[in-house]
Student: 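Attaching a single structure in structure tokens format; questions to follow.
For the single chain, residues carry numbers from 1 onward in sequence order. Each ligand, and each atom within it, is numbered from 1 in the order the structure gives. Bear in mind that the values here come from a model prediction, so they are computed numbers and not experimental data.
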Amino acid sequence: MGDGIKETKAATTVVTAGRRKHWTGGRVVNPPLWRGSTHLYDSVADLRAAKGPVQRNNFFYGRRGGPTHWALAEALTELEPGAEDTYLFPSGVAAISCALLAVLKPGDVLLMTDNAYDPSRSFASAWLKQWGVTTRWFDPMASVDDIIALMEPQPTGGRVAAILLESPGSLTFEVQDVPAICAAAKARGIATLLDNTWATPLFFPALQHGVDLAILAGTKYIGGHSDIMLGSVTTTAEYWTALRRTAYQFGQVISPDDAYLAHRGLHTLDVRLRRHEANALAVARWLNARADIAAVLHPALPNCPGHDVWKRDFSGSSGLFSFVLRHASDDDVATMIDALNLFGIGYSWGGFESLALPVDPAPDRTATSWSADGQLIRLNIGLEDPADLIADLEQALGVLQNRSA
Ligand SMILES: *Cc1c(COP(=O)(O)O)cnc(C)c1O
């Protein structure tokens, strides 16, 4: 694949990514599934030659992966122009924690956006804290100048070594000025990490925007079918060795079956994301026009914090957003969500099927506080017909109105 064509549009790249003849043998479309813990050598001389530093994409032993893994890692790397390579992890959380360990050491300070994914926050406040790393949370809507001020040496001591961004946040959807924050961090030798699960490299190629380590929970849109757990970290050459060494020392490896399914899912990412986008926008705009909805938090809607930055930097919006059910109690939220027929009730997102989830960001805030005129509900908008989703939401909101009438 790719012979003679040097640069393609992302929609083409997702189709060709990781499908060189080297992986497929040129006889089948998808790189075959290789299961293997033991890798075999022709001779002791071959065995001895394979020892030494971790060589990339060489048979050695199953913990270093096999061709099924390498093809997927290469595909994810191809989607991030400027990337050196990608390491695969058994979950998004494993990817986040290992990426942080690769760039931090005891005594360092970590800056983290206050809207970060809850397990990212608790890894910092519990594990990193007892390891000797201090975390300073900052308001996701703070000005770039205020964030830069936090990068400077603080009276409390410790050098800021890394910044973890999540833009938009996956509960409250604030969008950050990632290019400006990363440029300022780079000038100070601070590593930048972005949880890019919402946008994926298709809507936000992170490394091109200045990020050093781009993290995905592949569990969500890369897999896309709600049946695998996966994480990945794609880095620049500068951070690749530290990431690879750390992940290898922690024994991070995924099942080749999951790698196969993720790679299969990846090839339809462009078409799925565009349908998620169109469906979510239809639902979000419909909700936004209702009197019983106090706010819709969707980066493509003008009232979402950071909307202008989203418009400048992103080439699309995906299918996850939240809305505030006006004056609602916990009980109202349960009544409304229980009345939905087409929406599953469950964590996770990014699959082809719609989900609804009551969420409360308030306990997961340090630098800021969360308050809203009602209760927050997060929707994963799937690939159904949007008219059916809207009709389902309408009848469920009707159940609530009839109950309170
Ligand atoms: C789900 C999620 C993760 C974690 O991924 P897992 O595979 O569930 O560990 C990380 N970041 C965001 C934004 C997520 O939504």
Side-chain angles (χ1 to χ4, degrees), residues 72 76 86-101 112-125 127 140 163-176 178 192-204 206 211 213-234 247 250 252-255 257-259 261-262 265-266 269 273 276 280 297-299 306 310 314 317-322 344 346-351 353-361 364-365 376-382:
L72 171 62
L76 291 168
T86 297
Y87 213 101
L88 304 173
F89 294 86
S91 68
V93 164
I96 294 164
S97 50
C98 223
L100 287 168
L101 292 175
M112 190 183 293
T113 178
D114 210 24
N115 60 352
Y117 186 58
D118 170 26
S120 305
R121 294 177 54 92
S122 53
F123 182 71
S125 58
W127 207 95
I163 305 182
L164 179 68
L165 302 170
E166 187 176 319
S167 175
S170 62
L171 296 183
T172 42
F173 298 92
E174 303 90 341
V175 181
Q176 301 182 321
V178 172
T192 50
L193 300 84
L194 173 72
D195 184 333
N196 199 27
T197 304
W198 183 86
T200 84
L202 281 195
F203 286 163
F204 189 83
V211 171
L213 298 101
I215 304 168
L216 291 176
T219 307
K220 313 292 167 52
Y221 286 125
I222 306 302
H225 294 73
S226 308
D227 52 6
I228 57 164
M229 301 296 294
L230 175 72
S232 67
V233 183
T234 302
F250 276 83
Q252 298 284 8
V253 66
I254 71 170
S255 135
D257 300 72
D258 289 345
L261 284 173
L266 182 68
L269 181 62
L273 269 188
H276 283 297
L297 303 173
H298 184 305
W310 172 80
F314 289 64
S317 57
S318 63
L320 191 78
F321 69 93
S322 297
Y347 296 104
S348 198
W349 51 278
E353 83 296 0
S354 290
L355 298 169
L357 189 71
V359 289
D360 180 11
D364 298 321
R365 293 280 176 149
L376 201 60
I377 296 175
R378 189 180 76 176
L379 298 180
N380 173 59
I381 298 297

Student: Among all protein heavy atoms, pick out the one at the shortest distance from atom 6 (P) of ligand 1; state its residue, atom name and that distance to 0.1 Å.
Tutor: G92 N, 3.3 Å

Student: What is the nearest protein non-hydrogen atom to atom 4 (C) of ligand 1, stated with its residue, atom name and distance?
Tutor: Y117 CE2, 3.4 Å

Student: Using a strict 4.0 Å cut-off to heavy atoms of A217, name the atoms of ligand 1 that fall inside it.
Tutor: 2 (C), 3 (C), 4 (C), 5 (O), 10 (C)

Student: Which bit of W349 gets closer than 4.0 Å to ligand 1, counting heavy atoms only: side chain, backbone, both or neither?
Tutor: side chain

Student: Can you tell me the protein heavy atom closest to atom 7 (O) of ligand 1 and the distance?
Tutor: T219 OG1, 2.6 Å

Student: Do the side chains of Q252 and L88 get nearer than 4.5 Å, heavy atoms only?
Tutor: no

Student: Step through it carefully: locate the ring centre of W349, locate the ring centre of Y221, and say whether they are under 6.0 Å apart.
Tutor: yes

Student: Identify, for atom 8 (O) of ligand 1, the protein heavy atom at the shortest distance, and state residue, atom and that distance.
Tutor: M229 CE, 3.6 Å

Student: With nothing but distance in play, are any N or O atoms of E166 less than 3.5 Å from an N or O of ligand 1?
Tutor: no

Student: I'd like to know whether the aromatic ring centres of F314 and F203 sit less than 6.0 Å apart in this structure.
Tutor: no

Student: Nearest 0.5 Å please: distance from the OH atom of Y87 over to the OG atom of S232.
Tutor: 13.0 Å

Student: Could you walk me through whether H298 and L320 pass the side-chain contact (heavy atoms from CB on, under 4.5 Å) test, one step at a time?
Tutor: CA-CA 8 Å; H298 184 305; L320 191 78; over 6 Å; no

Student: Say you draw a straight line from CG of L213 to CD1 of I163; how long is it, rounded to the nearest 0.5 Å?
Tutor: 12.5 Å

Student: Taking I215 as the fixed residue, which of T234, V233, L165 is the one that meets the side-chain contact (heavy atoms from CB on, under 4.5 Å) rule?
Tutor: V233

Student: What are the atoms of ligand 1, with element, lying closer than 4.0 Å to any heavy atom of S91?
Tutor: 7 (O), 9 (O)

Student: May I ask you to identify the nearest protein heavy atom to atom 1 (C) of ligand 1, giving residue, atom name and distance to one decimal place in Å?
Tutor: K220 NZ, 1.4 Å

Student: Would you check whether S170 has a nitrogen or oxygen atom less than 3.5 angstrom from a nitrogen or oxygen atom of ligand 1?
Tutor: no

Student: To which protein heavy atom is atom 9 (O) of ligand 1 closest, and what is the distance rounded to 0.1 Å?
Tutor: V93 N, 2.9 Å

Student: With distance as the sole test, does R121 use its side chain to make a donor-acceptor pair with the main-chain N or O of M112 at under 3.5 Å?
Tutor: no

Student: Could you work out, for atom 11 (N) of ligand 1, the closest of N196, N115, N380, D195 by heavy-atom distance?
Tutor: D195

Student: Taking 4.0 angstrom as the limit and counting only heavy atoms of I96, give me the atoms of ligand 1 inside it, by number and element.
Tutor: 10 (C)

Student: Walk me through it: do S120 and E166 pass the test side chain to side chain donor-acceptor pair (under 3.5 Å)?
Tutor: CA-CA 10 Å; S120 305; E166 187 176 319; 4.9 Å; no

